[in-house]
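Take a look at the structure below.
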Amino acid sequence: MLNSPYPPKSFLKLIVTATAIFACVGIPADADAPKARAASAKLPPVNDGLPMPGFVVTTDGTAIVVTDPQNDFLSPDGVTWGVVGQSITENGTVENIGDLFQVAEETGMPVFISPHYYYEHDHEWKFEGTLESLMHAIGMFDRPSALDLEGFEGSGADWLEEYKPYIENGKTVVTSPHKVYGPDSNDLVLQLRKAGIDKVILAGMSSNLCTESHMRSLVEAGFEVMVVTDATAGAITEHYNGYDASLTNFRMIASAVDNTENTVESIRAAYRK
């Protein structure tokens, strides 16, 4: 076809054949190309066979969104530590979320928190998904009501203590709670739009549940999203690894995935300009 953006089939066939021949004789198709690497918690992908759309941090429309930076996920005393503790420890999640909060404080980058709370009336739901049922059974993120903070301080629903100076600084936006996993049930998208945000650096808990659901919903709502892969973590059980499942989807859906160190440097570089 004239003016087709794609090369002719004969040319593609030639490339495939040449690559196969080079592989058979032990010669890489591009000797100077970096070694292929899948995305991991600590390292971004290299030549993994997928497009690299990229994500450019801007000072006028980029914000950090952190899901569920709360004790029940991130504290060893939290009700889920038995299944998420390994992933959190391996990824350095607590420290890395802290580094994102700190660079936001230094530069003035906007921060939005999308928390998870369950009130007494939420325990009267007539049906639940698998982990909804578990969360209700173990009292995860429980509060008496939306109008009552009795018992909140230091509870599983409260912020991790070391994050409080960043979250309670009068600048960070704390949205209404999401009730299942994604922001479809809270006002995060409204708050982002009203603040003129169209690009989101996403971190928080839990990787294959709330964090991944936020990524998907924000992408569907027209936001550009990158995920900080070591500033999240997931549940690991005898039969399932939630973090590994989410990492694949982060890579396939987000505009970019990268670690905290590189993300912090990109934020600082943007604000130095």
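What you are looking at is a predicted structure, and each value in this text was computed from that prediction instead of being measured.
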Does the side chain of [X] come under 3.5 Å of the side chain of [Y] through a donor N or O and an acceptor N or O?
{"X": "Asn169", "Y": "Glu105", "answer": "yes"}
{"X": "Asn186", "Y": "Thr175", "answer": "yes"}
{"X": "Thr62", "Y": "Thr58", "answer": "yes"}
{"X": "Asp187", "Y": "Ser176", "answer": "yes"}
{"X": "Ser114", "Y": "Thr67", "answer": "no"}
{"X": "Thr232", "Y": "Asn91", "answer": "no"}
{"X": "Thr229", "Y": "Asn259", "answer": "no"}
{"X": "Ser185", "Y": "His178", "answer": "no"}

Please find the pair of heavy atoms, one from [X] and one from [Y], that lie closest to each other, and give the distance.
{"X": "Phe152", "Y": "Ala157", "value": "CE1-O, 3.5 Å"}
{"X": "Val257", "Y": "Ala39", "value": "CG2-CB, 4.0 Å"}
{"X": "Asp72", "Y": "Thr80", "value": "O-OG1, 2.6 Å"}
{"X": "His116", "Y": "Val180", "value": "CE1-O, 2.8 Å"}
{"X": "Pro115", "Y": "Asp68", "value": "C-OD1, 3.5 Å"}

**Study point:** Leu74 vs Thr93, side chain to side chain contact (heavy atoms under 4.5 Å, CB included): CA-CA, chis, key distance, verdict
**Key:** CA-CA 8 Å; Leu74 293 169; Thr93 305; 4.2 Å; yes
[X] side chain to [Y] main-chain N or O, any donor-acceptor pair under 3.5 Å?
{"X": "Ser206", "Y": "Leu209", "result": "no"}
{"X": "Thr211", "Y": "Gly204", "result": "yes"}
{"X": "Lys179", "Y": "Tyr117", "result": "yes"}
{"X": "Asn96", "Y": "Gly92", "result": "yes"}
{"X": "Arg37", "Y": "Pro44", "result": "yes"}

Can you tell me if [X] has over 12 outside heavy atoms packed within less than 6.0 Å of its [atom1]?
{"X": "Glu261", "atom1": "CD", "result": "no"}
{"X": "Met252", "atom1": "CE", "result": "no"}
{"X": "Glu106", "atom1": "CD", "result": "yes"}

Count I, L, V, M, F, W, Y as connected when their side-chain heavy atoms are under 4.5 Å apart, and connections chain through other members. Are [X] and [Y] then in the same cluster?
{"X": "Tyr163", "Y": "Val264", "answer": "yes"}
{"X": "Leu43", "Y": "Val227", "answer": "no"}
{"X": "Val111", "Y": "Val94", "answer": "yes"}
{"X": "Leu247", "Y": "Tyr181", "answer": "no"}
{"X": "Ile97", "Y": "Val174", "answer": "yes"}

Rounded to the nearest 0.5 Å, how far apart are [atom1] of [X] and [atom2] of [Y]?
{"X": "Gln70", "Y": "Ile167", "atom1": "CD", "atom2": "CD1", "answer": "8.5 Å"}
{"X": "Leu218", "Y": "Leu192", "atom1": "CG", "atom2": "CG", "answer": "6.5 Å"}
{"X": "Asn208", "Y": "Ser213", "atom1": "CG", "atom2": "OG", "answer": "8.5 Å"}
{"X": "Tyr243", "Y": "Asp230", "atom1": "OH", "atom2": "CG", "answer": "7.0 Å"}
{"X": "Phe223", "Y": "Ser255", "atom1": "CZ", "atom2": "OG", "answer": "13.0 Å"}
{"X": "Arg193", "Y": "Leu188", "atom1": "CZ", "atom2": "CG", "answer": "10.5 Å"}

Review point. Going through the distances and angles, do Ser207 and Phe250 end up as a side chain to side chain contact (heavy atoms under 4.5 Å, CB included)?
Key: CA-CA 9 Å; Ser207 64; Phe250 292 155; 4.2 Å; yes
Quick one: are [X] and [Y] in side-chain contact, heavy atoms under 4.5 Å?
{"X": "Ser155", "Y": "Asn71", "value": "no"}
{"X": "Ile201", "Y": "Val65", "value": "no"}
{"X": "Pro45", "Y": "Met52", "value": "yes"}
{"X": "Trp81", "Y": "Ile88", "value": "yes"}
{"X": "Phe112", "Y": "Ile197", "value": "yes"}
{"X": "Ile113", "Y": "Trp159", "value": "yes"}
{"X": "Met226", "Y": "Asp258", "value": "yes"}
{"X": "Ser217", "Y": "Asp184", "value": "yes"}

Review point. Between Tyr166 and Phe101, how do the two ring planes meet: parallel, tilted or perpendicular, split at 30° and 60°?
Key: parallel
Exercise for review: Give the intermediate values and the outcome of salt bridge (charged side-chain N to carboxylate O under 4.0 Å, His left out) for residues Glu212 and Arg216.
Suggested key: CA-CA 6 Å; Glu212 182 177 328; Arg216 290 176 180 272; 3.0 Å; yes
**Study point:** Step-by-step side chain to side chain contact (heavy atoms under 4.5 Å, CB included) determination, Val56 to Glu224
**Key:** CA-CA 10 Å; Val56 177; Glu224 188 176 350; over 6 Å; no
Check your understanding: Salt bridge or not for Lys164 and Glu153, using N-O below 4.0 Å?
Key -> yes
Practice item. Kindly determine whether Ser145 and Asp148 satisfy side chain to side chain contact (heavy atoms under 4.5 Å, CB included), including the steps that lead there. Key: CA-CA 5 Å; Ser145 78; Asp148 191 347; 3.4 Å; yes
